[in-house]
Every structure is written in structure tokens, then in C-alpha cells.
There are 2 protein chains.
Amino acid sequence: MSEASIGTLAVIGVGLIGGSLARALRAAGQVGRVIGCGRGRANLERAVELGVIDAWTHDPAEATREADMVFVAVPLGAVRPVFDAICSAIKPGTVVTDGGSAKASVVADFTAACPDHLARFVPGHPIAGTEQGGVEASFAELYRGRRVILTPTAASDPLALARVRAMWVACGAEVIEMDIVRHDEVLAATSHLPHMLAFGLVDALARMDEHDDIFRFAAGGFRDFTRIASSNPVMWRDICIANREALSRVMGDFVCEMEALATSIDVGDGERLLELFDRAKAARDAYVDGPGG
Amino acid sequence: MSEASIGTLAVIGVGLIGGSLARALRAAGQVGRVIGCGRGRANLERAVELGVIDAWTHDPAEATREADMVFVAVPLGAVRPVFDAICSAIKPGTVVTDGGSAKASVVADFTAACPDHLARFVPGHPIAGTEQGGVEASFAELYRGRRVILTPTAASDPLALARVRAMWVACGAEVIEMDIVRHDEVLAATSHLPHMLAFGLVDALARMDEHDDIFRFAAGGFRDFTRIASSNPVMWRDICIANREALSRVMGDFVCEMEALATSIDVGDGERLLELFDRAKAARDAYVDGPGG
């Protein structure tokens with residue numbers, strides 16, 4: 001595991017994702033010093049109190065200058081300014097990775113901001129998180145048994161990739177490599193689309209005149225179903241814009257699925273409805289029984 | 001509470017809903033004898049072993065003949081045949097109620113099957129349940145603190161209504177009266193639509209060529225989001241057909257909502273996306289903090 005050992009880790013964006021990485025590496029004894037970087041002074045001071053970071057700065061370049069590993073965990077809309085800021089501070093041997101939920105946009109941002117450091121950049125995405133945010137919500141076990149997708153570019157240095165992989169393994173995660181475009185398609189379907197449905201459903205209900213009544217009669221399933229509608233709005237705005245092509249495509253497909261379903265309901269096609277519900281139940285039960293559950 | 005006391009309760013359909021009512025009334029000491037009625041012999045014998053019912057029959061009329069209260073808890077597509085069967089067995093003073101998730105269709109079925117007994121019929125809908133079914137899944141606390149909606153018809157006898165209300169209060173439920181059409185609209189939005197989205201999403205993903213991969217990368221939120229897709233397919237086929245008008249309407253509205261959202265994503269309208277996500281998060285958080293949560 002010594003390969004995972006990181007002298008100084010810079011965490012740009014000390015929230016649930018960045019804070020939990022720092023906590024996990026500390027718990028595993030795989031990091032020496034952690035420098036946190038963010039805009040909110042109170043959150044950074046709290047992170048020091050909690051022992052998540054050792055020091056903090058508002059300046060990404062300052063945090064990067066001392067770092068052996070830089071983890072960027074800010075909303076996707078804030079990634080490009082961070083890359084612009086750290087470019088000149090990346091030392092030879094420093095590895096830069098991130099936790100963004102869409103990868104093509106992050107790679108484009110890094111390529112534009114730091115064209116001379118592509119070999120040191122290893123895009124990543126831990127498939128973990130809760131609807132809670134902030135360093136207060138971070139915990140060392142967040143990544144245990146969860147999958148982390150790495151999407152190295154053609155320019156990524158194999159040694160840099162190995163170091164990022166070892167870092168996540170040290171957190172208890174299962175590391176998978178995936179093509180960038182494929183990642184964005186898979187996540188659009190399994191994560192971004194469900195969030196759009198949850199946000200859209202809650203918003204549609206809230207805008208009904210009688211929405212007090214409406215929510216009053218929502219059953220237990222509704223609570224689970226809409227939990228992800230409590231996720232960070234800024235983060236999701238940025239994900240929508242960063243992954244717009246893939247997300248628009250799956251949303252279009254889903255609208256067609258819903259229109260077909262509505263037709264089956266309109267005409268009372270019980271046979272087709274039962275087929276669909278049986279298929280869905282079987283797939284969902286298999287998912288829960290399987291490793292995904 | 002003596003008003004709730006039921007000499008003999010007939011439960012037509014001894015599953016999660018019917019079995020839990022019997023268990024709750026027993027636990028409250030509010031029922032003397034429980035006769036179960038269903039098609040599956042094994043399930044009925046198991047219900048006796050579990051002490052949920054005292055005796056069983058495959059014949060709804062036989063169960064009804066001895067009953068002071070008849071609770072019909074079968075899929076909506078099986079309600080009409082049950083009403084046809086019990087009509088001649090309803091004694092003066094016997095009260096008939098049900099647990100169907102759509103009310104207009106149940107009222108139409110009863111009116112057609114038992115026109116002479118309308119005064120004794122009190123349509124009801126406990127807003128409770130899990131994706132698990134069968135008497136094995138039933139438990140006495142299912143209705144504690146949950147809402148039960150009663151939708152009495154113009155013909156419903158006030159004393160019959162009072163007895164059904166008292167029965168649910170004895171189970172720890174909060175009883176609310178609602179107009180039949182309004183019930184079907186509210187439930188279409190808060191329960192039936194979410195189930196369609198969950199079934200539709202899981203089915204859409206399962207039909208993708210790479211669905212093994214797709215589910216493999218589904219995150220934690222996906223599990224909560226799709227839990228209701230594990231619900232009983234036959235029950236939901238029947239709900240779709242029974243409540244088709246209201247459900248088609250809300251599905252049409254939701255498709256429009258999704259199309260507008262897809263447009264905002266396509267054009268990268270971050271402002272509108274943020275507005276929508278903020279509204280939805282606020283409404284969802286208020287729902288969870290409020291009595292609905």
C-alpha cells in the first residue's frame with residue numbers, strides 16, 4: 001500500500017467528497033499533511049477543528065504548490081477557474097485528479113487550462129455521496145466498498161494513474177477504468193436522469209395549487225423516491241450543463257418511454273403494463289440482490 | 001373505543017394490507033374473530049399459523065355471511081368479482097369497506113354489484129404499505145401514525161362511516177375524509193405517477209444493451225429512487241387501469257415538465273435550472289421536516 005502514501009494532499013473544495021477523501025486517507029495512515037482550499041472561511045476552519053485538514057487557504061495555487069496530490073472536488077462550473085489558478089503551481093511529479101460527476105467537460109477544462117500538464121492529470125469519479133453536503137457531512141467510510149471510475153486520457157502517465165488508483169484503493173473503494181464518453185453516458189442514465197425525475201416531480205407537485213394537500217398525502221415511497229431532490233442545486237445545475245448532450249439524449253428516450261406507458265394506460269392495455277412492471281421488478285430485484293445493491 | 005369493537009371481521013385478500021389490519025385490531029383488542037378469504041391455500045394456512053386469522057375460506061360469500069365488518073383488500077381488478085360474490089351475503093348491519101388505491105372505480109364496482117347495499121359501503125384507502133406483499137410481510141404497526149382516507153358516497157350511512165373510522169383509529173391511523181374524485185387526483189400525483197417513473201426508469205435502463213454495466217454503476221440514490229419499482233406488478237397494472245383518467249393527466253403534465261427541463265439543459269439555461277432545483281429542494285426538505293416526512 002506504500003504506493004498510496006501521499007506526503008501532502010491538497011483538497012480543493014472541502015465538502016462531503018473532498019472531506020471524506022481526506023478522512024479516509026488519514027484513517028488508513030496514507031497521507032501526511034492535508035491542505036484544504038475553498039471560499040468559505042467558516043467551513044475551512046470547521047474542517048481544521050474536525051481534524052479533516054491541517055491548514056487552509058483561499059488560493060488554489062498556494063495549496064497546489066506544496067502538494068504531491070491535488071484533488072479537485074468543486075461543482076463542475078467552478079472546475080475551470082481552479083485549473084486556471086493551479087496550472088503554474090503544479091510541480092513535476094505532482095498528480096492532479098478530481099471527483100466530477102461528468103468527465104468530458106473536466107478533461108476539456110484541464111486541456112484548455114493546463115496543456116503542459118496533461119500527463120499528470122487523471123480524471124476520476126467516486127460513485128458515492130449523500131444528499132447532505134459540507135465538511136460536517138464527510139466521513140471516512142464514505143468510499144468503502146463503493147466504485148470509483150477513473151477515465152485516464154491518452155496523455156495520462158501510467159504512474160500517475162497508478163498513484164490515483166492506489167489512493168482510492170486505500171479508501172476501500174473498487175477502482176474501475178472507463179472511457180470518458182462511456183462514463184458520461186452511463187452516469188447520465190443511472191444518476192443524472194433519476195435526479196432530473198426527482199427534482200421535476202417534486203417541483204411539479206409543489207407548483208400545484210393544492211400542494212399543501214398533495215404533500216400531505218404522499219406515502220412512504222414518495223420520501224425515498226424524492227430523497228435525491230434534496231441534493232445541492234448548484235452542483236446539479238453544473239452537472240446538467242457539463243453533461244448536457246448525454247443527459248438530453250437519455251431524457252428524450254425517457255420521455256418516449258413515458259409517452260408509450262401513458263398510451264398503454266389510456267387504452268387500458270393491461271397485458272403490456274404487466275409485462276413492463278414484471279420486467280422492471282425483476283431487473284430492480286436483481287440489482288438489489290446483486291453487487292449493485 | 002368500544003365503537004371500534006368488531007365481533008367478526010372478514011378479510012377478503014389476506015396480504016400485507018388485509019393481514020396488517022387484522023393484526024392491528026387484534027393487538028388493540030378490538031376484534032373477536034377474523035375470517036380470511038383468498039385463493040392461495042398456502043397463504044391462508046400460513047395466516048392461521050401466524051395468528052392473523054382464525055379461519056379461512058375460498059368463498060367471499062361464506063366469509064361475509066358471518067361478518068359484522070368486511071374489509072376487501074384485493075387488487076383493484078379483482079374487486080368487482082368479490083362484490084358480485086358477497087352481495088347476497090351482506091347482513092343488515094354489516095359494513096363493507098376496502099383498501100383500494102383508486103376510489104371511483106371501486107365505488108362504480110360496488111354500485112353495479114350491490115345497488116341495494118350502498119348505505120353500508122364506506123370506500124377507504126390506507127396510505128401505507130411497502131414493496132413487500134403477502135401475509136408474511138404484514139405487521140400490526142403498519143398503520144400507526146399513517147393516514148387513512150375515507151371517501152364516503154352520498155349514500156353511505158353515517159353510522160357505517162363512524163364504525164369504519166373507529167376501526168382505523170383503533171389501528172393508530174389518522175382518518176381523513178375526502179371527495180372521491182379529489183382522492184384519485186391526489187393519489188395519481190403523489191403515488192401512482194412516482195411508481196410509473198420508477199417502473200419506467202428501471203425498465204428503460206434494463207432494456208439498454210449494456211444494462212449489466214448500467215446497473216453496476218448505479219449509485220446509492222438509485223436504490224432508494226427505484227425501491228417502489230419492486231412493488232407488485234399485478235396490483236399496479238390494476239391501479240393504472242382503475243385510475244387511468246387522473247393518471248394519464250398527471251403523466252401528460254409531467255412529460256411537459258420534463259420536456260421543458262430538457263430544453264433548459266439543451267440551451268444551458270443555468271438560471272432556470274437553478275431556480276427549479278432550488279424550488280424542488282425547498283419543497284422536499286419542507287415535506288420531510290413537516291408532518292408528511
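Residue numbers start from 1 in every chain, and the chains themselves are labelled A, B, ... in the order their sequence lines are given, proteins ahead of strands. Please read these numbers as outputs of a predicted model, since none were measured by experiment.
When the candidates A:Cys256, A:Pro194, A:Cys240 are compared by the number of heavy-atom contacts under 4.5 Å with chain B, A:Pro194 comes out ahead. Contact count against chain B (heavy-atom pairs under 4.5 Å) is highest for A:Thr226 among A:Asp269, A:Thr226, A:Leu273. Per-residue heavy-atom pair counts under 4.5 Å with chain B were compared for A:Ser191, A:Ala280, A:Gly252, A:Pro233, and the maximum is reached by A:Pro233. Highest contact tally toward chain A, considering only B:Asn243, B:Val255, B:Leu261, is held by B:Leu261 [criterion: heavy-atom pairs under 4.5 Å]. Counting heavy-atom pairs closer than 4.5 Å to chain A, the top-ranked of the candidates B:Asn232, B:Leu201, B:Ile149 is B:Leu201. Contacts with chain A were tallied for B:Arg237, B:Arg244, B:Met258; B:Arg244 has the most, counting heavy-atom pairs under 4.5 Å. Each of B:Val234, B:Ile176, B:Val250 has some count of heavy-atom pairs under 4.5 Å with chain A, and the biggest count is that of B:Ile176. Contact tally against chain B (heavy-atom pairs below 4.5 Å) for A:His195, A:Arg284, A:Arg279: the top residue is A:Arg284. Ranked by heavy-atom pairs under 4.5 Å with chain A, the list B:Ile241, B:Asp266, B:Leu193 is led by B:Asp266. Chain B forms more heavy-atom pairs under 4.5 Å with one residue of A:Asp278, A:Leu274, A:Leu197 than with any other, namely A:Leu197.
In this structure, B:Thr151 contributes its side chain and B:Met178 its backbone to no donor-acceptor pair below 3.5 Å. Distance alone, capped at 3.5 Å, places no donor-acceptor pair between the B:Arg147 side chain and the B:Val175 backbone. Proximity of a side-chain donor or acceptor of B:Asp224 to a complementary backbone N or O of A:Arg227 within less than 3.5 Å is not detected. Between the side chain of A:Arg23 and the backbone N or O of A:Ser138 there is at least one donor-acceptor pair closer than 3.5 Å. In this structure, A:Tyr143 contributes its side chain and A:Glu174 its backbone to no donor-acceptor pair below 3.5 Å. Not a single donor-acceptor pair under 3.5 Å links the side chain of A:Asp109 to the backbone N or O of A:Phe83.
Residue contact with chain B, scored on non-hydrogen atoms closer than 4.5 Å, involves the backbone and the side chain of A:Ser230 alike. With a 4.5 Å cut-off on non-hydrogen atoms, A:Met196 touches chain B through its backbone and its side chain both. At a 4.5 Å heavy-atom cutoff, A:Ser264 makes no contact with chain B through either its backbone or its side chain. With a threshold of 4.5 angstrom between heavy atoms, A:Ile228 approaches chain B through side-chain atoms but not through N, CA, C or O. With a threshold of 4.5 angstrom between heavy atoms, A:Asp253 does not approach chain B through any atom at all. Only the side chain of B:Leu247 comes within less than 4.5 Å of a heavy atom of chain A; its backbone N, CA, C and O stay farther away. Only the side chain of A:Phe254 comes within contact range of chain B, judged by heavy atoms closer than 4.5 Å. In this structure, chain A has a heavy atom under 4.5 Å from the backbone of B:Ser231, while its side chain stays farther away.
To the nearest 0.5 Å, atom CZ of residue A:Arg272 and atom CZ of residue A:Phe277 are 9.0 Å apart.
Ring planes of B:His192 and B:Trp236: perpendicular class, angle over 60° (limits at 30 and 60°). Ring geometry for B:Phe71 against B:Trp168 counts as perpendicular: the plane angle is over 60°, on a 0 to 90° scale with 30° as the lower cut.
Shown are B:His125, B:Lys103, B:Arg165; of these, the side chain to side chain contact (heavy atoms under 4.5 Å, CB included) with B:Leu150 is made only by B:Arg165.
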One pair to check against side-chain contact (heavy atoms from CB on, under 4.5 Å): B:Asp98 and B:Val79. What are the steps and the verdict? CA-CA 9 Å; B:Asp98 77 304; B:Val79 164; 5.6 Å; no
